[in-house]
Amino acid sequence: MDKKILLKLAYRNLMTHRLRTLLTLTGVIIGISAIVFLVSLAFGLERLVSREITGGNAFQLIDIGTGNSQIVKLDNEAIQKIKSIKEIKNVEPSISIGGKGKKTDVEIDATIIGADKQYLNWSGFSPKWGKIIDEPDKAVINTAYAKFLGEGDPNKYLGQKITLDILIPKDYSGEAEDRKAENQEFLISGIIKDETNVKIYTDYHNLTKLGVKNYSQLKAELVKPSDASYARKAVENMGYRTQYIGDTVAQIEQIFNIFKIILASFGLIALVVAGLGLFNTLTISLLERIKEVALMKILGMKKEDINRMFMTEAVIFGIFGGMAGIIIGIIFGIIANAILNHFAIRAGGDPVTIFYFSPLFLAGMLIFSTLVGFFTGFYPARRAAKVDALDVLRYE
Amino acid sequence: MDKNQPIHHQTIIRIEKLHKKFFTGKHLFTALRDIDLEIKATDFVVIYGPSGCGKTTLLNIIAGIDQPTAGEVEVRDTEIFKLSDDQRGIFRSKKMGFIHQFPLWIKSLNTLENIAFPLLIEGEAEDYALSCAQNVMEELKIADLAKPKPTSLSGGEQQRASLARAIVTNPWIILADEPTGNLDSHASDLLMKFLERLNKKHKRTIILVTHNQDYWPLGTRRIEMKDGEIVRDTHN
């Protein structure tokens, strides 16, 4: 029998009981939309976290440190050696040492970070007010330090002078004792939003001028991200420790995969209930139409075609339920995102996208929904194909 | 079968040593006993007899809907019970039309589509099937009943539509099981006239099961059954 006719027949059968069809379809839609909504939330959160970590061109960078080694040092010689690795394009250092920020007669402990513009750019560093360090005597402070300077809009501190006492540890200077460089003055060029510990960023040359010879960390830029494992091995062979954002992202992905499974399971419960509803509808539909099925057999319709007709009905539920469920899941996600952002903005935060609708996942959901229809229809369709026309006639 | 014979001498159905037994509850019931029967292509066979004598069982076996316990049924050189279920279904669809006492319908289709359905099963294009159905409906003077659902028609109209569905594939044989059992006399007469015309004008084999003695003279041959056996076979 022509497939178009089978499709038309299945459609007509469904339309004969519109309310029942609509209710059954609603069940599938709820199940699919619940999964789409919840898993897209997990996808969105994963992306948000990953992007937070992998700002800038993070996949092209490896972090290099000494671990706890007292033998290897991160100095200019190390930079040259690492730069000579062919998979590495560029290397930039950073220094992280302690110090004190001073305001008239008050002091505050601070972390002084020495890094140049390139290093900060690689770190996804972006001041909320002002600009990144572009001259040697400039510094960028965080909002935690701005609070120490005074209340009100942090913007007003741009261009102001700050005074720092910088502690030069002996490990960094190679000297016999730790030393303090007092009353170092800088002009605030930018302020970053960070309420945690007090941090002050300045060009690392300002610290090397004070006698710092060893760096806390290096960032090496790869020629291409796929070189990461070769480059890391080469650096580690020199005695250094490396960290690559790809490892962290892989760990995040693992955690979020579990999160997705948990959320999908909640949606799946709804889909299982919908599947049972669909199974029930198809079975009742068969019982109601048993005389029709007997008639079709008497008229010569093949078992295979009867099976296909019922399967088509089941798959129609799967496909349309899937499509509508995906659309409704997306709409609910967009609405939820808008509501959350509304509150986030009112609370002074930045708008974020916490729902991500992965096209691949959505396509997968459509296939999954179709398969739910297919497998749910399997038994009623087989039963329909096996109907004994004579039994039905005798009963009649 | 000698195909050079004139059509009225050609045997269309040959039944040999047909037995049918089935269980009714725990009791084995013999519905048909040792039936031998030859039906010619131009026969209008009227089968009658008391309830439970095996008329409907015989008709169902000829149509290939029911299986015999023993014996052979040959329709135009085809031993129908050597075919698979699906093959037998296709054979029935092409070569036989069936009219039941209570017509069965596909409720989601209108009358025209229901009548066209056997052709759609055969794989004909929808337009062609509907146009054939329309022609048959016009011939049976029920063209105005094309649009409504068949279940909304009167008993007589439903039976005429049922006849239209039975003949839309232009079959060799039309099997009718108590087609007037549920109709008033006017609707019954009309239906019988159509069956008679199909036999006389269109040379179709008609096998009619009926209790109504008024229609027995219509047949060219009368078969009386009792307790699963043919007790009388009269040619008019």
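Numbered from 1 within each chain, the chains take letters A, B, ... in sequence-line order. Hydrogens, waters and symmetry mates play no part in the numbers below; they use all other heavy atoms, side chains included.
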A.B. asks: Specify the closest pair of heavy atoms between B:F117 and A:L299, including all atoms of both residues, with the distance to one decimal.
C.D. replies: CD2-CD1, 3.9 Å
A.B. asks: Counting heavy atoms not belonging to A:F357, are there more than 12 under 6.0 Å from its CZ?
C.D. replies: yes
A.B. asks: If we check side-chain contact (heavy atoms from CB on, under 4.5 Å) with A:M301, which of these qualifies: B:L120, B:D86, B:I121?
C.D. replies: B:I121
A.B. asks: Using non-hydrogen atoms only, which part of A:M15 is less than 4.5 Å away from chain B: side chain, backbone, both, or neither?
C.D. replies: neither
A.B. asks: Crowded around A:F256 CZ? As in, over 12 foreign heavy atoms under 6.0 Å?
C.D. replies: yes
A.B. asks: Quick check: closest heavy atoms across A:G300 and B:S93, and the distance to 0.1 Å?
C.D. replies: CA-CB, 4.0 Å
A.B. asks: In terms of heavy-atom contacts, does CG of B:L28 have more than 12 from other residues, nucleotides or ligands at under 6.0 Å?
C.D. replies: yes
A.B. asks: Which residue out of A:T16, A:D305, A:I298, A:N13 racks up the most heavy-atom pairs below 4.5 Å with chain B?
C.D. replies: A:I298
A.B. asks: So does B:F22 have more than 12 non-hydrogen atoms from other groups sitting under 6.0 Å from CZ?
C.D. replies: yes
A.B. asks: Which residue out of B:A166, B:A63, B:G89, B:G123 racks up the most heavy-atom pairs below 4.5 Å with chain A?
C.D. replies: B:G89
A.B. asks: For the atom pair OG1 (B:T57) and CG (A:L390), what is the distance rounded to the nearest 0.5 Å?
C.D. replies: 8.0 Å
A.B. asks: Using a cut-off of under 4.5 Å on heavy-atom pairs, state which of B:S108, B:G64, B:P118, B:A125 scores highest against chain A.
C.D. replies: B:S108
A.B. asks: Just give me the residue among B:E124, B:K94, B:R88, B:E113 that pairs up with chain A most often, heavy atom to heavy atom, under 4.5 Å.
C.D. replies: B:E113
A.B. asks: Where along residues 2-10 of chain A does a heavy atom come under 4.5 Å of chain B, listed by residue number?
C.D. replies: A:I5, A:K8, A:L9
A.B. asks: Counting neighbours of CZ on A:R382 that are heavy atoms of other residues, nucleotides or ligands and sit closer than 6.0 Å, is the number greater than 12?
C.D. replies: no
A.B. asks: More than 12 non-hydrogen atoms from neighbouring residues, nucleotides or ligands closer than 6.0 Å to CZ on B:F81, yes or no?
C.D. replies: yes
A.B. asks: Identify which part of A:K302 has an atom lying under 4.5 Å from any heavy atom of chain B, answering side chain, backbone, both or neither.
C.D. replies: both
A.B. asks: Which bit of B:F91 comes within less than 4.5 Å of chain A, counting heavy atoms only: side chain, backbone, both or neither?
C.D. replies: neither
A.B. asks: Just checking A:Y356: does its OH atom have more than 12 heavy atoms from other residues, nucleotides or ligands closer to it than 6.0 angstrom?
C.D. replies: yes
A.B. asks: By a 4.5 Å heavy-atom criterion (distance strictly below it), what part of B:D66 contacts chain A: side chain, backbone, both, or neither?
C.D. replies: both
A.B. asks: A side-chain contact here means heavy atoms from C-beta on lying under 4.5 Å apart; do A:R12 and B:I106 qualify?
C.D. replies: no
